[in-house]
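Naming convention: chains lettered A, B, ... in sequence-line order (proteins, then strands); numbering from 1 in each chain.
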There are 2 protein chains.
Amino acid sequence: MTQVRPMRADARRNYERLLKVAAEAFAEHGEGASLDDIAKRAGVGSGTLYRHFPTRQALLEAAYVDRVEGFARRADELAEELPPGEALAEWLYELCVGTIQVRGLKTLLGSAVADASDAVLTVCGTHVRGAATRLVEAARAEGTLRADVEPIELLRLAHGVVGAAELADGGGESIRRYLSLLTEGLRA
Amino acid sequence: MTQVRPMRADARRNYERLLKVAAEAFAEHGEGASLDDIAKRAGVGSGTLYRHFPTRQALLEAAYVDRVEGFARRADELAEELPPGEALAEWLYELCVGTIQVRGLKTLLGSAVADASDAVLTVCGTHVRGAATRLVEAARAEGTLRADVEPIELLRLAHGVVGAAELADGGGESIRRYLSLLTEGLRA
DNA sequence: ACCTGAACACCGTTCAAGT
DNA sequence: ACCTGAACACCGTTCAAGT
């Protein structure tokens, strides 16, 4: 799971600088940010970047894992403050807003809830799925959420809501609107 | 609107070959298909591609405008065959399935329903928005659709459903499931 | 009027050489 | 053990030269 041998001092320094610069670059340019640029701005050779993070996905995940953990913690906060149904609704709203505001996070959360029959479940996937499951179970027990809706379905639909909101202005009001339509349904 | 002067014979031939090859390439590799490759496969210089289609978006739209018109015609067929509510539901289903099956179409339809305060409305946008409006008005009049839902909102949500279904297996069953959740709502 | 394709800029990825 | 940066492959875009 974790490093057996500690990193050499220079390696550790490079690793951390890369993470910091990568988070900024992804936030600024989205998930397609230039890797070469990230390496340059971190003051390391491009090979060093690839040594630490073999794929773009690996770097993206490492750069944003803190934020995703933040969402998971926030779920438990909300569960203590609000009735289950409201806690779930508010959490989904905050998750969508965060996803749309921090560029690069959308792809990461998308792959975290993608059908991963082949790939191993990512760290981010574990966090976000766990949080959703806790909120969903409470809301189901309370009787405010359809019993047949799975946590993963809710996360995928939330990802879809973000996509829909992006086609509008991408602001919080669009997200509220589309989440509300999803919750209430489209029937007259 | 249309060409005033007809194209020179060789220009017209190149134009048509580019469209044909582009449709194949986008279907195969998605919207990111190599433009250089398209030019080569069509047997023209890369400059010729840019002359006819200044942006990737322009080529994408030209290559798929037929299909989008097909969706618009299909809306009117369904409106004749089924009650308004069912016609709308079936059309959205077919639209989503088509969007997911033909790679490259998703981006095109996305930008067709994007908030276009700055850009001019595209041809595809006009078609698809018109079709949705006709179906929505009928369903509203029938009383099976919430009166406050705009056609453009429905199209954006459908785009979101496609995104959600892609995170699952991307098959027709996922689309049916997510469209159903959207229609019925999430409440117990 | 239209086409060609070389030229340029940019990016991802690998790997030989270095410490 | 780790780093560097040149080298290679690939792609988008422009534009001078050609018909």
Open item on the list: I'd like to know if the side chain of B/Arg41 reaches the main chain of B/Asp36, judged simply by a donor and an acceptor atom lying under 3.5 Å from each other, with no hydrogens or angles considered.
Closed with: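 Side chain of B/Arg41 to backbone of B/Asp36: no pair is present.
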
TODO: May I ask you to decide if A/Gly143's main-chain N or O and B/Arg187's side chain share a donor-acceptor pair within less than 3.5 Å?
DONE: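 Absent.
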
TODO: Give me the first and last nucleotide of DNA chain D, going 5' to 3', that has any atom under 4.0 Å from a heavy atom of chain B.
DONE: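 The contacted stretch runs from D/dC11 to D/dC15.
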
Open item on the list: Heavy atoms only, 4.0 Å cut-off, all strands: where does B/Ala39 land among base, sugar-phosphate and nothing?
Closed with: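 Counting heavy atoms under 4.0 Å across all strands, no contact is made by B/Ala39.
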
Open item on the list: Using a heavy-atom cut-off of 4.0 Å across all strands, would you classify A/Thr48 as base, sugar-phosphate, or nothing?
Closed with: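 Base: the residue A/Thr48, judged by heavy atoms under 4.0 Å, touches a nucleobase.
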
Would you mind writing out the side-chain donor-acceptor pairs for residues 13-21 of chain B within the sub-3.5 Å range, not counting sequence neighbours?
{"residue": "B/Asn14", "atom": "ND2", "partner": "B/Asp10", "partner atom": "O", "Å": "3.4"}
{"residue": "B/Glu16", "atom": "OE2", "partner": "B/Arg12", "partner atom": "NE", "Å": "3.0"}
{"residue": "B/Glu16", "atom": "OE2", "partner": "B/Arg12", "partner atom": "NH2", "Å": "3.3"}

- [ ] Using the test side-chain contact (heavy atoms from CB on, under 4.5 Å), find all partners of A/Asp148 that sit at least two apart in sequence or belong to another chain.
- [x]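 Once residues adjacent in sequence are excluded, the partners of A/Asp148 under the side-chain contact (heavy atoms from CB on, under 4.5 Å) criterion are A/Arg146, B/Arg177.
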
Task: For B/Thr126, all residues meeting side-chain contact (heavy atoms from CB on, under 4.5 Å), sequence neighbours excluded - done: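 So B/Thr126 forms a side-chain contact (heavy atoms from CB on, under 4.5 Å) with B/Leu121.
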
Open item on the list: Do the side chains of A/Arg103 and A/Glu28 get close enough for a salt bridge, i.e. N-O under 4.0 angstrom?
Closed with: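 No, this pair does not count.
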
Task: Salt-bridge criterion met for A/Lys106 and A/Glu31 (N-O under 4.0 Å) - done: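 No, A/Lys106 and A/Glu31 are not salt-bridged.
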
Open item on the list: Looking at every non-hydrogen atom in both residues, tell me the closest pair between A/Trp91 and A/Ala131 and how far apart they are.
Closed with: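 In this case the closest contact between A/Trp91 and A/Ala131 is CZ2-CB, 3.8 Å.
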
TODO: For residues 60-74 of chain B, pull every pair meeting side-chain hydrogen bond (donor to acceptor under 3.5 Å, both in side chains), keeping only residues two or more places apart or in separate chains.
DONE: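 Output for this query lists B/Glu69-B/His127, B/Arg74-B/Glu77, B/Arg74-B/Glu94.
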
Task: Secondary structure string for DNA chain C (Watson-Crick or G-U under 3.5 angstrom, | for other-strand pairs) - done: ||.|||||...|||||.||

Open item on the list: Run the salt bridge (Lys or Arg N to Asp or Glu O under 4.0 Å) test against B/Glu142 and tell me which residues pass, sequence neighbours left out.
Closed with: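 Per chain and number, B/Glu142 pairs via salt bridge (Lys or Arg N to Asp or Glu O under 4.0 Å) with no residue.
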
TODO: Check salt bridge (Lys or Arg N to Asp or Glu O under 4.0 Å) between B/Arg176 and all other residues, then give those that pass, not counting sequence neighbours.
DONE: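 Salt bridge (Lys or Arg N to Asp or Glu O under 4.0 Å) list for B/Arg176, sorted by chain: empty.
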
Open item on the list: According to side-chain hydrogen bond (donor to acceptor under 3.5 Å, both in side chains), who are the partners of A/Glu86, at least two apart in sequence or on a separate chain?
Closed with: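 So A/Glu86 forms no side-chain hydrogen bond (donor to acceptor under 3.5 Å, both in side chains) with any residue.
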
- [ ] Scan for salt bridge (charged side-chain N to carboxylate O under 4.0 Å, His left out) pairs involving residues 155-164 of chain B, sequence neighbours excluded, and state none if there are none.
- [x]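 As it turns out, there is no salt bridge (charged side-chain N to carboxylate O under 4.0 Å, His left out) pair with a partner in residues 155-164 of chain B once direct neighbours are skipped.
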
- [ ] May I ask you to list the residues of residues 54-61 of chain A, by number, that have any heavy atom positioned under 4.0 Å from an atom of DNA chain C?
- [x]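 Correct list: A/Arg56.
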
Task: Sorted by number, the residues of residues 8-27 of chain B with heavy-atom contact under 4.0 Å to DNA chain C - done: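 When residues 8-27 of chain B is checked for heavy atoms under 4.0 Å from DNA chain C, the hits, listed by number, are B/Arg8, B/Asp10, B/Ala11, B/Asn14.
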
Open item on the list: On DNA chain C, compare the nucleotides closest to A/Gly47 and A/Asp37; which residue's is nearer the 5' end?
Closed with: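 The answer here is A/Asp37.
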
TODO: For A/Leu35 and for B/Ser46, locate the closest nucleotide of DNA chain C by heavy-atom distance; then report the residue assigned to the nucleotide nearer the 5' terminus.
DONE: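 Its nucleotide being nearer the 5' end, the pick is B/Ser46.
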
